[in-house]
Amino acid sequence: MLLDAHQLGRRQTGNETYVRELLRGLREVDQLAITAAIETGVERTGVLAPPVATRRVPANGFARLASLTLLARQLRPDVVHAIYFLPVLTGRPTVLTIHDISYERHPEFFSWKELLRNRAMIRGSARRATRIITVSEASRNDLIELYGVEPSRVSVVYNGVGPQFRPGPAGPVRPAFDGSRPLRVLAVGTLQERKNLVRLLDAVRLIAPEIAVTLRIVGPDGYQAAAIRARLAGAADTEILGWVDDEHLADEYRRADVLVYPSIYEGFGLPVVEAMACGTPVITSTGGSLPEVAGDAALIVDPLDVEAIAHAIRRVATEPVLAAELAARGLVRASDFSWDRAATEHARIYAEVAA
């Protein structure tokens with residue numbers, strides 16, 4: 001199997017996590033030979049050690065796809081697995097992962113270049129792929145509705161939760177917030193308009209007269225990040241940390257009193273289940289797949305309603321029984337998501353496609 005693993009080393013949050021954890025799980029699948037195509041200059045990691053073979057490809061998108069085509073013709077793998085963009089003329093059965101097509105639901109959050117590229121190349125890739133994997137029923141429905149993909153060609157394989165995301169040494173039961181210190185609110189995600197961080201800040205300001213809050217934002221810069229930073233600049237008790245590795249991210253989840261993930265649209269929303277696995281109460285939104293992923297283990301709000309976001313934060317701060325219930329339900333819900341299970345499902349799909 002030839003896997004397009006160019007996201008490794010890019011600090012692309014969910015996209016990179018998916019490829020890294022998929023490789024980690026596939027390494028344990030018997031009789032599966034894996035070649036990972038990684039970008040030139042990317043440092044080798046543990047998931048790229050034997051039995052995974054590696055080939056270097058250019059960072060440029062079109063050059064990378066051309067290199068993947070040549071690799072497929074040279075290696076003749078049973079299956080070529082690409083992410084979003086499928087190389088052409090491989091002559092091999094193909095699996096394509098499309099996490100979401102959020103640019104179709106909310107084009108306002110993307111540059112015109114991204115829209116042109118995605119609408120042409122991802123739509124075309126979806127039509128050519130032997131099988132499509134996506135990460136939620138919401139994303140599957142979008143592909144069927146908006147791109148006319150035959151339902152039989154789209155399989156849902158949920159993302160997992162890495163072992164580093166777990167409660168702290170004291171265990172899953174955390175002390176109730178009692179107002180003796182500021183409420184620690186955490187937001188995780190790429191700094192872009194779709195993540196709805198400005199409305200989150202407005203919600204924090206609404207409750208600030210009655211409850212002291214510190215807001216920590218973790219994630220790399222995305223489209224129009226400078227404008228978002230400018231709107232967040234100077235906000236009292238707000239800190240933008242940028243990208244952090246998974247170990248530090250797990251620490252952030254464990255220190256937080258609540259994760260607020262009010263994204264306007266998501267294909268999955270890894271921070272929701274990662275925070276749950278750490279025993280952290282979660283507030284999320286109705287955007288895309290988020291109610292599907294969160295189940296009954298989170299407070300779910302309209303992402304455009306600042307007062308609703310503020311009310312949910314206020315409830316977590318002032319209702320200790322609710323906060324404890326959310327934490328307990330979250331731990332149970334997070335256990336439903338496994339990267340090992342996801343890898344096994346991918347291997348099953350590879351075998352079906354190869355046959």
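We're numbering straight along the sequence, starting at 1.
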Taking all atoms of both residues into account, what is the closest heavy-atom pair of P262 and K195, and its distance? CG-O, 3.9 Å
Looking only at heavy atoms, what is the nearest atom pair of Y265 and R194, with distance? O-NH1, 2.7 Å
What do the steps show when you test N159 against V273 for side chain to side chain contact (heavy atoms under 4.5 Å, CB included), and what is the final call? CA-CA 9 Å; N159 290 326; V273 293; over 6 Å; no
So, does R56 use its side chain to make a donor-acceptor pair with the main chain of E39 at under 3.5 Å? yes
Can a donor-acceptor pair be found between the side chains of N15 and Q7 at a distance below 3.5 Å? no
Measure across A298 and M276 and return the closest heavy-atom pair with its distance rounded to 0.1 Å. CB-CE, 4.0 Å
Does the plane of the ring in Y103 sit parallel, tilted or perpendicular to the ring in F110? Use 30° and 60° as the thresholds. perpendicular
Quick check for you: to the nearest 0.5 Å, what is the distance between L201 atom CG and D237 atom CG? 11.0 Å
What heavy-atom pair brings P182 and D257 nearest, and what distance separates the two atoms? O-OD2, 4.1 Å
Can you tell me if R231 has over 12 outside heavy atoms packed within less than 6.0 Å of its CZ? no
Checking N196 side chain against P303 main chain: does a donor-acceptor pair fall under 3.5 Å? yes
List the atom of V149, the atom of I132, and the distance in Å for their closest heavy-atom pair. CG1-CD1, 3.8 Å
Does a side chain donor of either R131 or S155 reach within less than 3.5 Å of an acceptor in the other side chain? yes
Would you tell me whether Y158 and E292 have side-chain atoms, one donor and one acceptor, within less than 3.5 Å of each other? yes
Do NZ/NE/NH1/NH2 and the carboxylate oxygens of D221 and R229 come within less than 4.0 Å? yes
Kindly give the heavy-atom pair with the smallest separation between A277 and F165, and that separation in Å. CB-O, 3.4 Å
Check whether T190 reaches the backbone of Q192 with its side chain - one donor and one acceptor, N or O, closer than 3.5 Å. no
Are side-chain N/O atoms of Y253 and E274 paired as donor and acceptor at under 3.5 Å? yes
Check: V293 main-chain N/O paired with R333 side-chain donor or acceptor under 3.5 Å: yes
E239 atom CD, over 12 foreign heavy atoms within 6.0 Å: yes
Around R348, counting heavy atoms of other residues, nucleotides and ligands shown, do more than 12 lie under 6.0 Å from its CZ? yes
Establish, from distance only, whether the side-chain atoms of H81 and T97 form a donor-acceptor pair under 3.5 Å. yes
Any donor-acceptor pair under 3.5 Å from R140 side chain to P151 backbone: yes
Should the pair D302-R199 be classified as a salt bridge under the 4.0 Å nitrogen-to-oxygen rule? no
Between D340 and S338, is any side-chain donor less than 3.5 angstrom from a side-chain acceptor? no
Compute the ring centroids of H6 and Y84, then answer whether they are less than 6.0 Å apart. no
Aromatic centroids of F268 and F337 separated by under 6.0 Å: yes
Give a yes or no answer on whether the side chain of R153 reaches the backbone of A129 with a donor-acceptor pair at less than 3.5 Å. yes
Is it the case that the side chains of H248 and D245 hold a donor-acceptor pair, with the cut-off being a distance below 3.5 Å and no angle test? yes
